[in-house]
**Student:** 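Take this structure first; my questions come after.
In what follows, chains are A, B, ... by sequence order, proteins preceding strands, each numbered from 1.
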Protein chains: 2
Amino acid sequence: MATLNDVAKRANVSKMTVSRAINHPEQVRPELRDSILHVMAELNYQPNAAARALVSRRTRVVKLTIFEDMDTTEPYYMMLLAGIANELNQHQYALQLATRNSYEVGECDGYILTGIRQKNYAWVEQLKQPVVFFGRNQQGYDYVDTNNYQAIQDSSAYAIQSGYTNLVFVGIAVDEPFEQDRERGFRDFITANQVSGQLVQLANHCHVATDYVRQHWADFPSNTAFICASDRLGIGIEDGIILQGKRVPEDYGVIGFDGVLLNQIASKRLTTMKQPLEAMGRAAVRLLLANIANPGSPATPHDQEKIIINSRLSIAESTR
Amino acid sequence: MATLNDVAKRANVSKMTVSRAINHPEQVRPELRDSILHVMAELNYQPNAAARALVSRRTRVVKLTIFEDMDTTEPYYMMLLAGIANELNQHQYALQLATRNSYEVGECDGYILTGIRQKNYAWVEQLKQPVVFFGRNQQGYDYVDTNNYQAIQDSSAYAIQSGYTNLVFVGIAVDEPFEQDRERGFRDFITANQVSGQLVQLANHCHVATDYVRQHWADFPSNTAFICASDRLGIGIEDGIILQGKRVPEDYGVIGFDGVLLNQIASKRLTTMKQPLEAMGRAAVRLLLANIANPGSPATPHDQEKIIINSRLSIAESTR
DNA sequence: AATACTTATGCAATCGCTTGCAATAATGTT
DNA sequence: AACATTATTGCAAGCGATTGCATAAGTATT
């Protein structure tokens with residue numbers, strides 16, 4: 001492997017000039033720079049990241065830590081990954097993937113955290129590095145989120161406009177900001193618009209939703225729309241309705257959340273509140289890189305920066 | 001951040017002894033070692049990965065390169081990721097994620113490659129580092145794979161045993177080893193068992209499969225079983241059949257491949273040939289780490305090592 | 001034409017750690 | 001008890017790059 005020195009000798013300059021030709025091109029005479037670049041290509045020179053990191057204290061690595069179990073096949077994260085990886089690449093940063101219990105090997109310049117729960121904040125605090133969250137938090141950390149509150153209001157409004165007369169919000173049984181925001185959105189909506197409605201929390205699995213429909217069928221008059229907090233729940237609810245011999249969307253409506261399963265199961269055309277996960281991933285990267293470039297914003301609470309990217313209703317066949 | 005020197009001073013030993021206490025514990029007197037570890041904990045010492053990598057030429061980073069576009073939400077990769085990430089963590093290695101067109105920042109000790117196509121091999125060859133592939137290859141690189149040939153034979157045999165009398169293999173329209181193996185398995189099966197059957201290749205999307213069923217419906221006598229090369233295709237085929245007013249599994253059977261969508265869509269109980277992706281991911285890591293530890297096995301063809309982990313039929317509701 | 005500025009380049013030190021060899025202490029052998 | 005082994009520890013060098021300061025060359029100012 002060629003080193004800076006090899007290039008320098010071959011180009012008849014000092015290491016420093018080569019280093020500058022790479023990192024501060026404007027500081028070196030154009031013709032000389034070109035000849036250096038030429039030698040670099042000739043020798044197939046690649047800067048040694050370790051040496052660089054050692055002295056510059058910049059690893060050019062960002063760590064994405066997913067707190068939820070990775071055993072579950074969660075396409076949600078895959079979409080996020082796409083956005084994050086692509087944006088990092090554009091900035092010539094590498095992405096390192098970690099789960100909460102990863103061995104803490106390999107330093108990085110900052111963290112993107114997702115799937116985080118209250119209990120994990122202690123761990124976050126001892127990180128003395130820039131951090132960006134996925135999802136609202138009250139600890140003062142920067143975050144990227146979608147407009148959960150408004151999104152559920154939009155879904156609800158759409159259901160009412162479509163002629164459904166009773167709403168059921170099917171939430172996820174976790175005590176996290178995103179869920180709180182959605183529930184608040186729903187409650188405020190039915191109050192403000194004097195709509196008949198109820199709210200329930202379930203574990204986030206299809207069959208749980210399906211079971212729920214069966215067990216509580218008496219509660220759901222015809223013309224009810226189910227506003228769900230995930231596509232999984234939406235699909236489960238839809239199946240439950242069909243098992244009762246009713247039609248979707250004629251008799252009952254279903255609206256999901258996330259918009260992540262739909263692409264795969266084309267025939268399951270669920271109307272859903274689609275999160276712009278790719279864009280959110282990119283935004284998180286940009287925010288984090290800004291924090292890295294602009295120090296004085298460690299993992300400790302400071303002026304909290306928020307980026308909210310709106311979800312949009314993707315209308316399909318589970319609503320009329 | 002505490003350095004090796006800080007620990008050494010505090011513990012009244014030389015840096016070297018501290019270094020040994022970490023890397024070669026057996027070489028340092030037990031009581032001394034304990035006191036050093038104690039000081040390390042006290043100072044919250046973390047070895048500097050960059051410095052380490054610089055001198056030892058080991059980064060303790062493995063790069064997973066996914067060649068397919070990451071825009072597609074492919075849960076397949078998420079399962080792989082789970083296995084790879086977990087196994088790497090156990091060996092105190094970090095996982096770095098890259099797409100083919102990633103900026104080549106950050107060195108690593110080896111590569112796990114997946115989603116690779118023929119055209120990418122040129123890129124692989126110029127990698128002068130240990131490499132493990134997902135999927136068979138004829139270039140001589142080590143790989144982990146599932147028993148595609150036998151798996152399709154098993155699926156086919158199961159369909160016949162279940163009383164279906166005509167088979168259709170619905171393959172993916174790519175010219176890659178995994179597809180070749182599956183098609184060969186199918187052809188050999190119908191030949192050897194004198195079963196009536198046909199073979200088709202489609203783009204790997206639900207709706208393509210659904211359309212295919214509609215357009216070629218005349219070709220499918222009742223009691224046909226579709227052996228599909230992916231769950232997506234399987235789900236699409238199933239929908240196509242139902243749209244024709246026929247019943248699954250009574251009139252027609254459908255068997256998928258991968259076993260990766262099922263967990264999410266509980267109601268879509270597709271019989272499928274389930275790939276042990278988590279185990280395959282772990283195996284790939286172990287194979288790669290062995291290659292790293294045991295040099296003389298660069299990215300150039302050598303004695304090709306193969307690990308085959310069998311897929312198993314997961315029987316559900318789309319077959320009788 | 002002499003001085004003051006820029007602009008380009010080089011030198012030396014250093015980042016934190018590990019490799020190879022040397023030195024010391026502890027143990028065993030006859 | 002003198003010597004050969006083995007177990008522990010330390011020293012010095014250097015991995016490949018970047019930072020800060022010094023120097024040399026080039027241009028502008030009066």
**Student:** With nearest nucleotide decided by heavy atoms, which residue, B:Arg57 or B:Lys15, maps closer to the 5′ end of DNA chain D?
**Tutor:**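 Its nucleotide being nearer the 5' end, the pick is B:Lys15.
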**Student:** Decide yes or no on side chain to side chain contact (heavy atoms under 4.5 Å, CB included) for A:Val132 and A:Tyr141, but give the supporting numbers first.
**Tutor:** CA-CA 7 Å; A:Val132 167; A:Tyr141 299 107; over 6 Å; no
**Student:** Starting at atom CD of A:Glu26, determine the distance to atom P of C:dA8, rounded to an integer number of angstrom.
**Tutor:**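 To the nearest whole Å, that distance equals 9 Å.
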**Student:** State whether B:Lys306 and B:Asp145 are salt-bridged, where the test is any N-O pair (Lys NZ or Arg NE/NH1/NH2 against Asp/Glu carboxylate O) under 4.0 Å.
**Tutor:** no
**Student:** At less than 4.0 Å, is any side-chain N or O atom of B:Ser56 found next to OP1 or OP2 of D:dC15? Yes or no.
**Tutor:**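 No, no such contact exists.
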**Student:** Rounding to an integer number of Å, can you tell me how far A:Glu31 CD sits from D:dG26 P?
**Tutor:**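 Distance, rounded to whole Å: 12 Å.
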**Student:** Quick check on D:dT18: is either OP1 or OP2 less than 4.0 Å from any side-chain nitrogen or oxygen of A:Arg52?
**Tutor:** yes
**Student:** Looking for any heavy atom pair under 4.0 Å, which part of the strands does B:Arg20 touch: base, sugar-phosphate only, or nothing?
**Tutor:**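 Base: the residue B:Arg20, judged by heavy atoms under 4.0 Å, touches a nucleobase.
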**Student:** Expressed as a whole number of angstroms, how long is the span from A:Met40:CE to D:dG16:C1'?
**Tutor:** 14 Å
**Student:** Judged by each residue's nearest nucleotide on DNA chain D, which is more toward the 5′ side, A:Asn23 or B:Val55?
**Tutor:** B:Val55
**Student:** Please determine if B:Arg10 and B:Glu42 form a salt bridge, counting it only when a charged side-chain N lies under 4.0 Å from a carboxylate O.
**Tutor:**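 Salt bridge between B:Arg10 and B:Glu42, a charged N being under 4.0 Å from a carboxylate O: yes.
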**Student:** Whole Å only: how far is the CE atom of A:Met16 from the P atom of D:dC21?
**Tutor:**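 Value for this atom pair: 14 Å.
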**Student:** Without decimals, in angstroms, what is the distance between B:Arg60 CZ and C:dC17 C1'?
**Tutor:** 15 Å
**Student:** What integer distance in Å separates B:Asn5:CG from C:dC15:P?
**Tutor:**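 To the nearest whole Å, that distance equals 9 Å.
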**Student:** Heavy-atom nearest nucleotide on DNA chain C for B:Ile22 versus A:Val13: which residue maps closer to 5'?
**Tutor:**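 Checking each residue's closest nucleotide, the 5'-ward one belongs to A:Val13.
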**Student:** What I want to find out is whether B:Arg60 reaches B:Asp109 closely enough, with some N-O distance under 4.0 Å, to be called a salt bridge.
**Tutor:** no
**Student:** Expressed as a whole number of angstroms, how long is the span from A:Gln27:CD to D:dT23:P?
**Tutor:** 19 Å
**Student:** Please confirm whether any donor atom in the side chain of A:Arg29 sits under 3.5 Å from an acceptor in the base of D:dG26, or the reverse.
**Tutor:** no
**Student:** Check the surroundings of atom CD in A:Gln138: do more than 12 heavy atoms from other residues, nucleotides or ligands lie under 6.0 Å from it?
**Tutor:**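 Atom CD in A:Gln138 is not crowded, with 12 or fewer foreign heavy atoms closer than 6.0 Å.
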**Student:** Under 4.0 Å between a side-chain N or O of B:Thr3 and OP1 or OP2 of C:dG16?
**Tutor:**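 B:Thr3 to C:dG16 OP1/OP2: no side-chain N or O under 4.0 Å.
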**Student:** When you check the phosphate oxygens OP1 and OP2 of D:dT18, does a side-chain N or O of A:Ser19 lie under 4.0 Å from one of them?
**Tutor:**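 Yes, within the criterion.
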**Student:** For B:Tyr45 and C:dG16, give me the distance from atom OH to atom P, rounded to whole Å.
**Tutor:**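 Rounded to the whole Å, the gap is 10 Å.
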